[in-house]
Amino acid sequence: MTVWDDTRARLAGQPGGGLNIAVEAVDRHVAEGRGQDVALRFVGRHGERSVATFAGLSADSGALADLLGQLGTRPGDAVFTLLGRVPELYVTALGTWKARAVLSPLFSAFGPEPVAQRLALGRGRVLVTTEQLYRRKVAPVRDRLPDLEHVLLVGGSTGGVPGGTAFDGALAQGDRAFVVPRTDPQDPALLHFTSGTTGTPKGAVHVHEAVVAHAATAAGVLGLRRGDVYWCTADPGWVTGTSYGIIAPLVLGATSVVDAGDFEARRWYELLAAERVEVWYTAPTALRMLMRAGDELAGEHDLSALRHVASVGEPLNGEVVLWGARVLGHPVHDTWWQTETGAIMIGNPPGEAPVPGSMGRPVPGIEAAVLARGDDGRARVTDGAVEVLTDPDQVGELALRPPWPSMFRGYWGAPERYAAAFAGGWYLTGDLARVDSDGRFWFVGRADDVIKSAGHLVGPFEVESVLMEHPAVVEAGVIGKPDPVAGELVKAFVTLRSGVEPDEALRADILAFGRRRLGSVAPREVDFDQNLPHTRSGKVMRRLLRARELGLPEGDLSTLEGVS
């Protein structure tokens, strides 16, 4: 029996082999006598607190599913959300799955253009948002959204919004005892959009069977158990916030902390202490920002409830792993996955000491490999075949052997883009990696980020990680800068620790440190930048650093932190 089979056997399921995410997330707990257990603890921007039980979520989501049916929503239709971390978002997600519609969550800080692109591509008929967000983000582009018929407005009047309905009033008319129809495990359930440097966003489609991978990996990689207090800091507008912020903890019967506020170091430490968080899943950028705030701040708070700390969203620098062990009392365990994979594919599980800088090993049920690459850095495909690299520490494109339960089933409306993601029986991730002699995977960089300098292929992440070991540096971003002799030279942008002043002596010291540690692939230039550009999921936007350095078009900024 595989780990997927074992997990399926532990789920409630539906008659005739059906499987529905919302049934597993809330209804089964009610049926098994745990309806009054707290599922979600909400913390408002100003510290106000409220809770939702499994029974409450079950009833409210049933009413929402019934309401969607009354609005003419059919199985397979996309229901969009444009909301902050509020209770109505979670009710909408669960109700959409009960109605067998497809949830497509949008990040509430998106501006009108990315909102319009995604709603148009997904042909969204129903949008759940607030009047304020509608006025700012949707109204300016409403004439480009002919499919949008219904706008459910949370927390206010309809205000003359075309197709507008007050969420609370409409929900009160729904059947709270809604019976979920049999759902085929392969029915679509999620539509997550990803952005590239060019072109339109890609909508990755996931199915109800993905819940199998969500449950298995949350238990096996995050160590999540029934009754745990858990905090996933990712916004549900992103795949992590849905897979591991909504689905996985609910299915496993954990209590999730949901914080509506923005990052602030003291607030986060206070929340960890006050809520007695046991399992914490967050981003390397957030951890680096906590490092930047100083170890003394962490020492002011009781973090003794923490049992496991894991990271997601970008590669985890080894220095952060060691900082976690020293300051939080636990090393940070890296995990690797993508929007397309739907769930954690490679990680460092509880009870296994992470090797700083390594992504870890493939989770049970996943076969991963590194493939030989061509001149462009991507896997080399010859007559439909690829070559698997078997010697340790060879760099190639990371690939996964399909299928697995949470694997995306297509790009919405773009079958040719989906087909291009596979070759020779493998899913091609676009990430470069190597495997050491112990079977641990190490991230090198995105294929389109790798720097070609004097005949060497330089992975930006490796350089960034070394620079972060300098006592003055808390974060770094590395790019390739055109050079007539070397092809490209390595240039670094570094953020300094609090209290450290930039000057030419420090610049020279950082360059010398890099040369000692990295040799010929060390940075030739260093700029100081206390505000490196990040995506909203926490990744340093190297392509934006490069565009600004070279005066090139900046491209799609819809995922840039701070842009709305």
Side-chain angles (χ1 to χ4, degrees), residues 37-53 83-87 89-90 107-109 222-225 227-238 240-241 244-246 249-250 254-313 316 319-333 474-475 495 497-499 530-531 534 536-538 561-562:
D37 289 357
V38 174
L40 302 169
R41 293 184 195 168
F42 293 97
V43 181
R45 286 187 174 273
H46 305 293
E48 63 274 23
R49 282 167 162 78
S50 62
V51 301
T53 64
L83 291 168
R85 292 183 285 270
V86 295
L89 172 58
Y90 297 79
F107 190 50
S108 61
L222 302 183
L224 199 58
R225 306 187 295 242
D228 277 344
V229 179
Y230 167 73
W231 186 19
C232 172
T233 64
D235 190 280
W238 303 107
T240 298
Y244 295 98
I246 300 179
L250 290 177
T255 297
S256 284
V257 175
V258 181
D259 181 23
D262 297 323
F263 174 87
E264 195 276 319
R266 183 173 294 278
R267 177 189 178 95
W268 275 34
Y269 281 130
E270 289 175 349
L271 197 61
L272 287 167
E275 299 297 331
R276 305 294 291 165
V277 173
E278 295 164 280
V279 180
W280 187 28
Y281 199 24
T282 191
T285 296
L287 294 167
R288 290 193 293 265
M289 292 171 73
L290 291 175
M291 288 174 59
R292 186 176 174 183
D295 297 356
E296 297 79 10
L297 183 59
E300 297 175 12
H301 300 84
D302 179 7
L303 306 179
S304 60
L306 273 177
R307 187 179 77 239
H308 187 68
V309 182
S311 76
V312 63
L316 180 67
E319 187 68 17
V320 183
V321 178
L322 300 175
W323 172 85
R326 186 181 73 252
V327 177
L328 303 177
H330 301 276
V332 184
H333 292 238
V474 74
E475 189 171 39
T495 297
R497 293 183 184 276
S498 178
Q530 293 302 103
N531 296 288
H534 297 93
R536 299 183 192 278
S537 60
E561 185 179 52

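- Judged purely by atom type and a 3.5 angstrom limit, E278 has no side-chain atom pairing as donor or acceptor with the backbone of A305.
- Scanning both residues, V332 and V320, for their nearest heavy atoms gives CG2-O, 3.8 Å.
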Can you check side chain to side chain contact (heavy atoms under 4.5 Å, CB included) on E264 and M289, steps first, answer last? CA-CA 9 Å; E264 195 276 319; M289 292 171 73; over 6 Å; no
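- Taking the six-membered ring where the residue is Trp, W268 and W280 present perpendicular rings, their angle passing 60° and hence far from 30°.
- Taking CG from D302 and CZ from R276, the interatomic distance works out to 4.5 Å, rounded to the nearest 0.5 Å.
- Looking at heavy atoms from C-beta onward, L40 lies out of side-chain contact with V51 at the 4.5 angstrom threshold.
- T53 meets the side chain to side chain donor-acceptor pair (under 3.5 Å) test with no other residue; sequence neighbours excluded.
- Put simply, CG on L250 and OG1 on T255 are 9.5 Å apart, with the number rounded to the nearest 0.5 Å.
- A salt bridge links R49 with E275: at least one charged nitrogen is closer than 4.0 Å to a carboxylate oxygen.
- For the pair T495/R292, a side-chain contact is recorded, criterion being any heavy-atom separation below 4.5 Å from C-beta on.
- We find the CG-OG distance between L224 and S256 to be 7.5 Å, quoted to the nearest 0.5 Å.
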Determine whether S108 and R85 satisfy the following criterion, side-chain hydrogen bond (donor to acceptor under 3.5 Å, both in side chains), listing intermediate values before the conclusion. CA-CA 9 Å; S108 61; R85 292 183 285 270; over 6 Å; no
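- Taken to the nearest 0.5 Å, the CZ atom of R497 stands 11.5 Å off from the CZ atom of R288.
- A310 approaches L222 most closely through the heavy-atom pair CB-CD2, 3.8 Å.
- Side-chain atoms of R267 come within 3.5 Å of backbone atoms of R45 as a donor-acceptor pair (strictly under, hydrogens ignored).
- In terms of heavy atoms, G223 sits closest to R307 at O-NH2, 2.8 Å.
- Of all non-hydrogen atoms in L297 and A293, the two that sit nearest each other are CD2-CB, 4.2 Å.
- Every residue two or more places apart in sequence or in another chain that forms a side chain to side chain donor-acceptor pair (under 3.5 Å) with S311 is listed here: D334.
- Relative ring orientation between W238 and F107 is described as tilted, the plane-to-plane angle lying within the 30° to 60° band.
- One side chain, W323 or D295, offers a donor N or O that lies under 3.5 Å from an acceptor on the other.
- Remark: aromatic rings of H330 and H308 are distant, center separation not under 6.0 Å.
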Passes side chain to side chain contact (heavy atoms under 4.5 Å, CB included), V257 versus L271? Steps please. CA-CA 9 Å; V257 175; L271 197 61; 4.1 Å; yes
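- One finds a salt bridge joining E300 and R266 here, because a Lys/Arg side-chain nitrogen approaches an Asp/Glu carboxylate oxygen to under 4.0 Å.
- When all heavy atoms are compared, the tightest approach of A298 to L303 is O-CD1, 4.3 Å.
- Residues W231 and T233 have side chains in contact (heavy-atom distance under 4.5 Å, counting atoms from C-beta outward).
- We find the CG-OG1 distance between L290 and T282 to be 7.5 Å, quoted to the nearest 0.5 Å.
- Checking side-chain atoms of Y230 against main-chain N and O of Y244 turns up a donor-acceptor pair under 3.5 Å.
- Minimum interatomic distance between V43 and G47 (heavy atoms only, all atoms of both residues): CG1-CA, 4.3 Å.
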Determine, step by step, whether T285 and E475 satisfy the side chain to side chain contact (heavy atoms under 4.5 Å, CB included) criterion, reporting the C-alpha distance in whole Å, the side-chain angles of both residues, the deciding distance to 0.1 Å, and the verdict. CA-CA 8 Å; T285 296; E475 189 171 39; 4.1 Å; yes
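- S50 and R41 share no side-chain donor-acceptor pair at under 3.5 Å.
- Looking at residues two or more places apart in sequence or on another chain, you find a ring-ring contact (aromatic ring centres under 6.0 Å, His included) between Y90 and F42.
- How far CG of L328 is from NE2 of H301: 12.5 Å, rounded to the nearest 0.5 Å.
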